Amino acid sequence: MTTILKWAGNKTAIMPQLKEHLPAGPRLVEPFAGSCAVMMATDYPHYLVADINPDLINLYQVIKEDVNSFIHLAERVFSKFTTEVGYYKCRQFFNTVPLEPIDKAAYFLFLNRHCYRGLCRYNQRGLFNVPYGNYKKPYLPVDEIRAFAEKAARATFICASYDETLAMLQAGDVVYCDPPYDGTFTGYHTAGFTEDDQYHLASILERRSSEGHPVIVSNSDTSLTRSLYRNFSLHQLTAKRSMGVAAGESKSAVEVIAVSKPHHWIGFDPAGGPDYCVKREVRA
């Protein structure tokens, strides 16, 4: 099952490797929703799925609340705008006209399925600015939408930053993070995602790991990533970077999956008294 959205960095292709590192738990927490490939390929009892992009979260929430009405509206949008000129009319409408959530969601899906390489990019004014993709047969992914709606019944979707989301962790939560890579998606939101964000995210994840939460992170295999997650177990893999457009050979990139090491209570510190427990990290 493919995802609803075309998405740069989609994890569908590496899910067999990624699932090996995702432990069981009552809830999976994802601060970077993306295409929701991980949610769709796993079977957690509950999900907390967040993203700073309001258009993305609105799409997911609308589908969860009324999938039939959404599909009906999306079919009308897809049949109305069938040319390059129509694409740009749709984009202008999306950017300039106040829309109800369901209308905004249908237009967002249309733009994603028809724009260049399925990119999601905004300018500094917050306007979606990806050009036309010139696909031969873009299609409305009805089966994928219905499958998503079924899984979404277990999920809570929130528009929130990664630090806000990670502050909401509950006992037993498993954390999976797939943050923007190397500034590749700085146009994904007007706030961007800087190197400072990479450091800040890593520090929060280190702290959450020390509190006992399993933490799994995927990112580009760079010296920065390896430094930020040096206390994690690192697993290298090669991921495809093609978005399905006839633009030459498919590209690939080396990624790393960083997995937090388990912590166990092993005793107490005599200097702190008999009730002062010490948690030690078990290193391989």
Side-chain angles (χ1 to χ4, degrees), residues 1-5 7-51 56-57 60 64 144 147-148 150-158 160 162-163 165-181 198 201-221 225-226 228-241 253-264 281-284:
M1 177 63 68
T2 59
T3 56
I4 295 171
L5 300 172
W7 205 256
N10 188 313
K11 290 292 169 283
T12 299
I14 67 166
M15 280 310 305
Q17 299 96 315
L18 185 57
K19 286 172 69 174
E20 294 176 1
H21 304 292
L22 291 171
R27 185 171 72 161
L28 180 68
V29 176
E30 287 195 73
F32 304 93
S35 66
C36 279
V38 176
M39 185 185 84
M40 294 306 299
T42 56
D43 194 28
Y44 287 87
H46 301 283
Y47 296 85
L48 176 61
V49 180
D51 203 277
L56 184 66
I57 295 301
Y60 294 155
K64 176 183 177 179
E144 291 87 341
F148 181 91
E150 183 176 348
K151 179 62 72 70
R154 309 185 209 172
T156 298
F157 299 102
I158 59 172
Y162 63 88
D163 47 354
T165 305
L166 292 169
M168 299 171 64
L169 294 185
Q170 300 173 359
D173 281 346
V174 176
V175 180
Y176 170 68
C177 284
D178 182 37
Y181 301 167
Q198 296 281 9
L201 172 64
S203 68
I204 295 174
L205 294 177
E206 184 87 33
R207 183 165 68 252
R208 294 294 180 246
S209 171
S210 72
E211 295 168 355
H213 293 286
V215 176
I216 301 88
V217 185
S218 55
N219 211 314
S220 291
D221 190 358
T225 299
R226 288 185 172 272
L228 290 175
Y229 299 101
R230 58 189 176 277
N231 294 326
F232 286 45
S233 297
L234 302 179
H235 307 269
Q236 189 183 81
L237 72 157
T238 300
K240 292 183 179 179
R241 281 288 179 268
V254 180
E255 291 190 14
V256 64
I257 298 175
V259 181
S260 61
K261 297 178 181 179
H263 297 80
H264 297 288
E281 184 176 345
V282 178
R283 296 182 180 273

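For clarity, every value in this text was computed on a predicted model and none was experimentally measured. Values below: every heavy atom of this structure, side chains too, minus hydrogens, waters and symmetry copies. FYI, the numbering just counts along the sequence from 1.
From L5, atom CG reaches atom CG of L56 across 6.5 Å, with rounding to the nearest 0.5 Å. Remark: S218 OG to L18 CG distance equals 6.0 Å, nearest 0.5 Å. One finds the CG atom of L205 at 11.0 Å from the OG atom of S210 (value rounded to the nearest 0.5 Å). To the nearest 0.5 Å, atom CZ of residue R230 and atom OG1 of residue T225 are 12.5 Å apart.
For K64 (side chain) and A155 (main-chain N/O), a donor-acceptor pair under 3.5 Å exists by modelled atom type. S220 places no side-chain N or O within donor-acceptor distance of the main-chain N or O of E255, the cut-off being under 3.5 Å. Under the 3.5 Å distance criterion, the side-chain polar atoms of Q198 are matched with a main-chain donor or acceptor of P180. The backbone N or O of I57 lies less than 3.5 Å from no partner atom in the side chain of D51, so there is not a single donor-acceptor pair.
Qualifying side-chain hydrogen bond (donor to acceptor under 3.5 Å, both in side chains) partners for Y47, counting only residues two or more places apart in sequence or in other chains: T42. Every side-chain contact (heavy atoms from CB on, under 4.5 Å) that S203 has, sequence neighbours left out, goes to H200. Residues meeting the side-chain hydrogen bond (donor to acceptor under 3.5 Å, both in side chains) test with T165, sequence neighbours left out: none. In this structure, the side-chain contact (heavy atoms from CB on, under 4.5 Å) partners of A41, at least two apart in sequence or on a different chain, are M15. When the side-chain contact (heavy atoms from CB on, under 4.5 Å) test is applied to Q236, the partners found at least two apart in sequence or on another chain are D221, R226, V254. With sequence neighbours left out, the ring-ring contact (aromatic ring centres under 6.0 Å, His included) criterion links H21 to H235. For A258, the side-chain contact (heavy atoms from CB on, under 4.5 Å) test picks out V217, Y229, F232, L234, with sequence neighbours left out.
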### Message
Let's go through I158 and V49 carefully: what are the C-alpha distance in whole Å and the side-chain angles of both, what is the deciding distance for side-chain contact (heavy atoms from CB on, under 4.5 Å) to 0.1 Å, and is it a yes or a no?
### Response
CA-CA 6 Å; I158 59 172; V49 180; over 6 Å; no
### Query
Taking it one step at a time, do V215 and C177 satisfy side-chain contact (heavy atoms from CB on, under 4.5 Å)?
CA-CA 8 Å; V215 176; C177 284; 5.8 Å; no
### Message
What verdict does the side-chain contact (heavy atoms from CB on, under 4.5 Å) test give for F148 and M39, after you've listed the backbone C-alpha separation in whole Å, the side-chain angles of each residue and the deciding distance to 0.1 Å?
### Response
CA-CA 9 Å; F148 181 91; M39 185 185 84; 3.5 Å; yes
### Query
When you look at T3 and E144, which way does the side-chain contact (heavy atoms from CB on, under 4.5 Å) test go after all the steps?
CA-CA 6 Å; T3 56; E144 291 87 341; over 6 Å; no
Do any side-chain atoms of residues 24-31 form donor-acceptor pairs under 3.5 angstrom with protein atoms, and if so which ones, sequence neighbours left out?
residue, atom, partner, partner atom, Å
R27, NE, D173, OD1, 3.1
R27, NE, D173, OD2, 3.4
R27, NH2, M168, O, 3.4
R27, NH2, D173, OD2, 2.7

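Inter-residue side-chain proximity for I216 and S260 is flagged as unmet; no heavy-atom pair is nearer than 4.5 Å. Contact check for L48 versus F157: no side-chain heavy atoms found under the 4.5 Å cut-off. Taking the side chain as every heavy atom from C-beta outward, K11 and D178 approach each other to under 4.5 Å. The side-chain heavy atoms of E206 and N231, taken from C-beta on, include a pair separated by under 4.5 Å.
For Y60 against G34, the heavy-atom pair with the smallest separation is OH-O, 2.6 Å. What you find for P16 and A13 is that their closest heavy atoms are CD-O, 3.9 Å. R208 and L166 get closest at one heavy-atom pair: NE-O, 2.9 Å.
Checked against the 6.0 Å centroid criterion, the rings of F32 and Y176 do not qualify as a close aromatic pair.
Residues in residues 35-49 take part in these salt bridge (Lys or Arg N to Asp or Glu O under 4.0 Å) pairs, two or more places apart or across chains: D43-R154.
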